[in-house]
Amino acid sequence: MPSATASPTQTKRGSSNPFIAFCQSSIGKKIIVGVTGVYLIVFITGHLLGNLEIYLGQDHVNAYAQFLQGLGPILWLERAILIAAVVIHIVVTIQLAAENRAARPQKYAHYNYQAAKPSSRTMIYSGLLVLCFVIYHLLQFTFMTTNPEYRHLEDHLHRHDVYRMMILGFQQPIISLFYAAAIFFLAAHLSHGFSSVVQTLGINNQKVSGFVSNGGRWFSWLIFAGYVSIPVSILIGLIK
Amino acid sequence: MTTQLDARIPSGPLADKWTKHRAESKLVNPNNKRKFDILVVGSGLAGASAAASLAELGYHVKCFCFQDSARRAHSIAAQGGINAAKNYQNDGDSVFRLFYDTIKGGDFRSREANVYRLAEVSANIIDQCVAQGVPFAREYGGLLANRSFGGAQVSRTFYARGQTGQQLLLGAYQALSDQINMGGVKMFPRSELLDLVIVDGHAKGIVVRDLKTGEISSFPGDAVVLATGGYGNVFYLSTNARGCNVSATYRAYKRGAFFANPCYTQIHPTCIPVGGPYQSKLTLMSESLRNDGRVWVPKNKGESRRPDQIPEAERDYYLERKYPSFGNLAPRDIASRSAKEVCDEGRGVGPGGLGVYLDFAESIRRLGEQTIRERYGNLFDIYHNITGENAYQVPMRIYPAVHYTMGGLWVDYNLMSNVPGLHVLGEANFSDHGANRLGASALMQGLADGYFVIPCTIANYLATQLGKKVSPDRPEFRAVEEEVRGRVKKLLSIKGKRSATSFHQELGLLVWEQCGMARSRDGLKDALQKIGPLREEFWENLNVLGGQQELNQSLEQAGRVADFLEFAELMCLDALEREESCGGHFRVEYQTEEGEAVRNDKDFCHVTAWQYTGPDSKPVANIEPLVFENVKLAQRSYK
Amino acid sequence: MNFKLKVWRQQNENTAGQFRDYEAINIPAEASFLEMLDIVNEGLIARQEEPIAFDSDCREGICGMCSLVVNGIAHGPGKAKTTCQLYMRRFQDGETIWIEPFRAAAFPIVKDLIVDRSAFDRIIQAGGYITARTGSAPDANSIPIGKTVADLAMEAAACIGCGACAAACPNSSAMLFVAAKISHLGLLPQGQPERTSRVRNMVRTMDALGFGSCTNHYECEAVCPAEISATFISRLNRDYAVASIREGLAARG
């Protein structure tokens with residue numbers, strides 16, 4: 001006997017707990033990635049603004065660093081949230097990527113992209129490359145494991161001389177080049193990520209969509225320009 | 001032996017009949033509704049709306065369609081709109097006016113009571129569809145917009161861009177989906193009805209082939225509802241979808257249901273012409289194009305110059321010449337026949353000489369290309385996509401094509417055929433459009449039948465069937481199943497040389513020539529002589545590859561063509577015996593000197609319901625006289 | 001015109017498929033893509049080879065039945081059209097043309113180029129409707145709907161349910177299809193009472209059926225024959241988030 005189409009009530013509907021069901025759903029996961037993404041965008045912007053203080057001179061940078069250190073528990077709270085955001089952003093993305101792979105078990109022999117940009121198609125790779133960089137970046141400037149000599153840098157007020165540390169770090173062309181490449185991948189990630197977040201969080205519509213995707217590109221290249229300007233300025237001797 | 005046809009029309013004044021009928025109809029107790037299984041075949045406007053509404057009432061419904069989803073039925077392609085006597089425009093519309101326009105448009109060959117009911121429930125349809133979320137066009141104030149359609153003098157057509165059929169069908173499909181989710185309907189897509197099972201004279205089941213697996217099985221039911229559409233594809237090329245076929249209604253006919261007025265077919269004058277033998281379907285272009293386009297052909301036969309090189313003096317604007325007052329806006333059938341005449345004279349244009357020019361050059365000069373683009377831009381785009389020609393620069397080519405069929409299985413006021421239990425809805429029945437259908441009325445009829453008529457009238461039959469459930473073990477089921485299997489096996493075992501398509505094409509050309517826009521006694525006799533041998537060749541020289549226990553599109557098609565090959569004969573016979581011209585049926589012997597159709601109300605003011613009498617014997621013509629108590633029969637004139 | 005075809009042939013869901021080479025010879029430039037396949041099939045039948053199975057019905061771009069990926073593009077090259085509206089004059093004489101079925105775990109192959117898209121029906125069955133018992137509707141003009149909203153709802157409602165969005169999406173996501181229905185019904189006042197349950201049930205059914213998630217490539221929008229805007233997906237995300245919050249608040253009492 002021919003079979004009737006099964007009723008959807010027969011298919012799995014997920015948890016009855018609304019929060020768990022949300023977190024298990026594809027859109028829920030996307031929103032989690034989006035919200036953590038927004039947090040990371042804010043952090044990246046703030047971090048850039050802090051870094052750009054290098055143009056204001058040694059005193060400003062070191063005072064800012066000391067201010068941050070002085071925040072104590074608040075700094076640790078912020079760091080905890082940041083780490084959580086990074087972990088959740090990555091773990092959920094990997095889950096989604098695995099589900100998406102399963103949704104297309106047989107690939108097209110011959111596929112012809114119509115709209116997807118290289119940045120959107122390489123999000124997971126650009127993201128993972130940025131992660132690798134972040135680890136190195138922390139080892140270099142935060143834990144100073146790669147460069148223990150940075151620990152002893154002090155300015156005339158006996159503050160940790162972050163200014164000098166940045167100049168020493170970026171005076172090595174290889175480090176600067178690696179840094180610039182990593183920031184390039186970050187910018188590519190943001191170029192799609194920014195407009196993607198607007199779409200995923202449900203803010204996009206036909207009136208603003210053009211503005212959002214252009215805005216995403218402008219924002220990411222501004223971030224790129226801002227970050228990369230520092231090693232460039234150091235290498236060409238603008239900052240000594 | 002002819003049968004007395006009882007249409008079961010309620011007595012009383014026309015305007016009260018439906019109300020009275022509802023009050024007097026039998027009811028089925030809610031507890032008993034659960035005991036009834038209804039088999040709905042087809043999921044277009046009529047089928048989907050019926051299945052959903054019957055399930056809402058509590059009946060157990062099984063719904064079958066041959067497409068991969070209920071949403072793809074050909075109702076989806078209707079563009080124009082849906083009529084309703086809402087009188088939202090304050091332009092004097094009323095139920096009676098819609099009724100009268102429909103009766104008159106049908107050339108006085110439909111049943112007063114049915115048409116009045118159609119006009120009456122038309123307003124409810126719009127309410128129902130809006131409640132379902134059908135996004136009809138609206139005015140800025142938020143109320144519904146209307147347009148005038150098909151020459152109607154009032155604006156009563158509701159529309160959703162050029163996709164009204166799609167939106168109405170999606171509304172019905174969504175209501176159906178709701179009921180599938182609730183468990184009231186079981187849906188069987190990719191399932192084709194291959195025969196009807198009659199038990200003790202009643203329709204009690206169907207035999208279906210699962211098109212995915214090839215499995216043939218039977219389904220018992222307490223009533224059968226056919227909503228399987230029209231038979232326009234008997235002509236091979238038509239504006240119908242490729243899958244549209246006559247098989248369900250023709251199989252029912254062979255099981256005893258009467259087929260009424262098969263000769264009533266509607267031809268649409270503005271379609272894109274046939275490009276070559278490879279062509280698989282014809283595309284409709286909106287008739288509105290004739291508002292600004294001028295129709296012409298060259299005066300000389302066998303003209304080979306490009307249209308822009310033919311001087312004015314050598315062009316024949318034949319509609320303007322023959323019908324000076326209506327000109328290019330002459331009615332559909334006249335415009336269609338005139339195009340055929342000039343092409344038959346050898347003056348047609350384009351590949352195969354089957355086309356006439358629809359020229360916008362003058363309008364573009366007068367109004368500017370921009371205005372024409374605003375009015376018809378999307379149509380010019382469709383034309384360009386299909387033909388590769390730019391109609392802003394060269395004249396469009398158009399030709400008539402089969403569009404709708406008014407004939408269908410005979411039904412009474414309850415929409416039940418002469419076979420008890422077999423109900424027929426929508427284009428598949430013959431009931432409401434007479435010899436010609438008005439624009440924007442097909443959607444109205446499909447939904448009226450499904451949403452509002454059958455849910456009420458089916459109870460008149462089912463109330464008599466309590467406790468009479470037929471066991472699926474009855475030998476009748478096995479017997480029909482075996483017959484169906486035998487037929488499928490036969491189709492696969494011929495192993496001849498020709499594909500089903502080639503037979504279909506040959507049949508289509510033949511009936512298009514002799515039973516298309518203009519029919520003659522000799523032509524019809526000729527066709528009747530040729531169909532038989534073609535059918536014989538089909539059963540000897542058909543080539544169907546593949547097997548039965550799998551998806552096999554050639555086999556599906558072969559079965560449908562086999563039925564068309566028999567049905568075509570019935571259509572030609574009906575056309576031959578109806579010795580008058582009315583609506584979509586034009587007999588060249590019955591016309592005025594100016595080429596106007598001449599109706600014969602004295603001898604043919606009736607429905608001819610054909611009764612199958614066996615493979616080699618002529619079917620019997622049963623007559624249902626049409627009685628007009630509320631309208632005066634009028635003859636139209638377009639001079 | 002002549003073409004070399006590389007066509008996916010597969011007997012049924014459970015057997016492996018492969019590309020087979022065919023020659024399409026003497027094809028008129030005016031023929032549609034499906035008519036080209038019809039001609040090839042007639043040739044195959046004459047040579048006693050089984051014809052290529054592919055879906056089509058209305059052949060005028062509205063039923064949504066045709067479903068081919070031509071040269072790696074769902075419905076083939078060109079904007080806003082279904083496969084049946086693709087014409088051979090668009091191709092170069094002698095060109096090699098790849099023809100594949102829509103590929104997605106949720107669209108199992110039935111035969112050759114035919115896929116089973118009943119997953120879309122199940123998503124609609126999960127809530128893609130407004131419950132309106134026949135006969136119970138108020139007068140159609142008792143609910144005024146502003147023209148802008150009505151027009152936007154119509155844009156979303158234009159979806160033909162062909163599945164090209166899921167076929168084109170690198171993740172085989174059905175989000176554009178679901179978004180179109182959610183937006184069509186969610187924009188209208190009639191659709192408000194069931195808005196929360198509709199989006200929740202449709203999205204969870206979509207997930208359960210094995211479609212992927214949206215990573216905003218907008219391949220779907222690029223191939224959509226009905227030109228459904230991907231911004232409707234944003235509306236779907238928002239509706240789903242709001243529905244989840246409502247659901248959470250309701251659960252807390």
Side-chain angles (χ1 to χ4, degrees), chain A residues 5-14 16-19 21-22 24-31 34 93 96-97 99-117 120-121 123-124 192-193 195-209 212-213, chain C residues 6 8 17 19 69 71-73 77 98 100 103-106 118 121-123 125-126 152 168-173 175 200-201 203-223 229-231 233-242 244 247-248 250-251:
Chain A
T5 51
S7 153
T9 43
Q10 293 162 3
T11 54
K12 198 176 95 230
R13 276 279 173 79
S16 60
N17 177 316
F19 179 72
F22 176 80
Q24 285 174 340
S25 69
S26 60
I27 297 181
K29 286 183 195 142
K30 285 283 304 168
I31 289 175
T93 301
L96 280 169
E99 286 167 16
N100 291 342
R101 263 165 209 272
R104 169 71 50 76
Q106 167 102 44
K107 303 270 176 260
Y108 289 104
H110 184 100
Y111 194 76
N112 196 334
Y113 283 100
Q114 298 296 295
K117 306 252 167 5
S120 75
R121 282 153 49 193
M123 283 301 271
I124 193 131
H192 179 69
S195 55
S196 204
V197 154
V198 174
Q199 171 85 353
T200 301
L201 297 185
I203 308 160
N204 203 10
N205 63 44
Q206 285 177 36
K207 284 190 196 108
V208 304
S209 67
V212 166
S213 58
Chain C
K6 294 199 173 286
W8 184 262
F19 283 98
V69 173
N71 283 344
I73 306 170
W98 290 78
E100 293 185 67
R103 294 198 191 278
S118 55
D121 289 321
R122 291 189 199 180
I123 293 174
Q125 286 157 17
L152 192 59
C169 176
N171 311 332
S172 295
S173 168
M175 285 286 277
R200 183 189 61 213
N201 292 340
V203 167
R204 289 182 193 162
T205 303
M206 169 187 88
D207 288 347
L209 288 165
F211 290 104
S213 64
C214 175
T215 46
N216 309 325
H217 296 294
Y218 307 138
E219 286 288 303
C220 52
E221 186 184 54
V223 299
S229 166
T231 54
I233 294 178
S234 192
R235 173 178 282 277
L236 166 60
N237 290 329
R238 180 167 75 236
D239 270 20
Y240 183 74
V242 171
S244 297
E247 203 185 5

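Throughout, protein chains are lettered first and strands after them, A, B, ... in sequence-line order, and every chain is numbered starting at 1. Since this is a predicted model, take the numbers as computed values, not measurements.
With respect to the salt-bridge test (charged N to carboxylate O, under 4.0 angstrom), the residues C:R204 and C:E247 qualify.
If you measure heavy-atom distances from C:F211 to chain A, the contacts under 4.5 Å come from the backbone alone. Contacts of C:C220 with chain A are absent, with no heavy-atom separation under 4.5 Å from either backbone or side chain. Contacts of A:A97 with chain C are absent, with no heavy-atom separation under 4.5 Å from either backbone or side chain. Using a 4.5 Å cut-off between heavy atoms, A:V212 makes no contact with chain C at all. Contacts of C:V223 with chain A are made by side-chain atoms alone, with heavy-atom separations under 4.5 Å and no backbone atom involved. When heavy atoms are compared at a cutoff of 4.5 Å, A:K107 approaches chain C solely by way of its backbone atoms N, CA, C and O.
Between C:W98 and A:Y108, the gap from one ring centroid to the other reaches at least 6.0 Å.
Listed options C:N216, C:L236, C:D239, C:I233 were ranked by heavy-atom pairs under 4.5 angstrom with chain A; first place goes to C:N216. With respect to chain C, the highest number of heavy-atom pairs below 4.5 Å among A:I31, A:I203, A:V198, A:T200 belongs to A:T200.
Listed by chain and number, the residues in a ring pair (Phe, Tyr, Trp, His ring centres under 6.0 Å) with A:F19 amount to none (sequence neighbours excluded).
Checked by atom type, the side-chain pair A:S26/C:D207 shows a donor-acceptor distance below 3.5 Å. For A:N204 and C:S234, the side-chain atoms include no donor-acceptor pair closer than 3.5 Å.
Counting heavy-atom neighbours within 6.0 Å of A:R121 CZ, excluding the residue itself, gives a total above 12.
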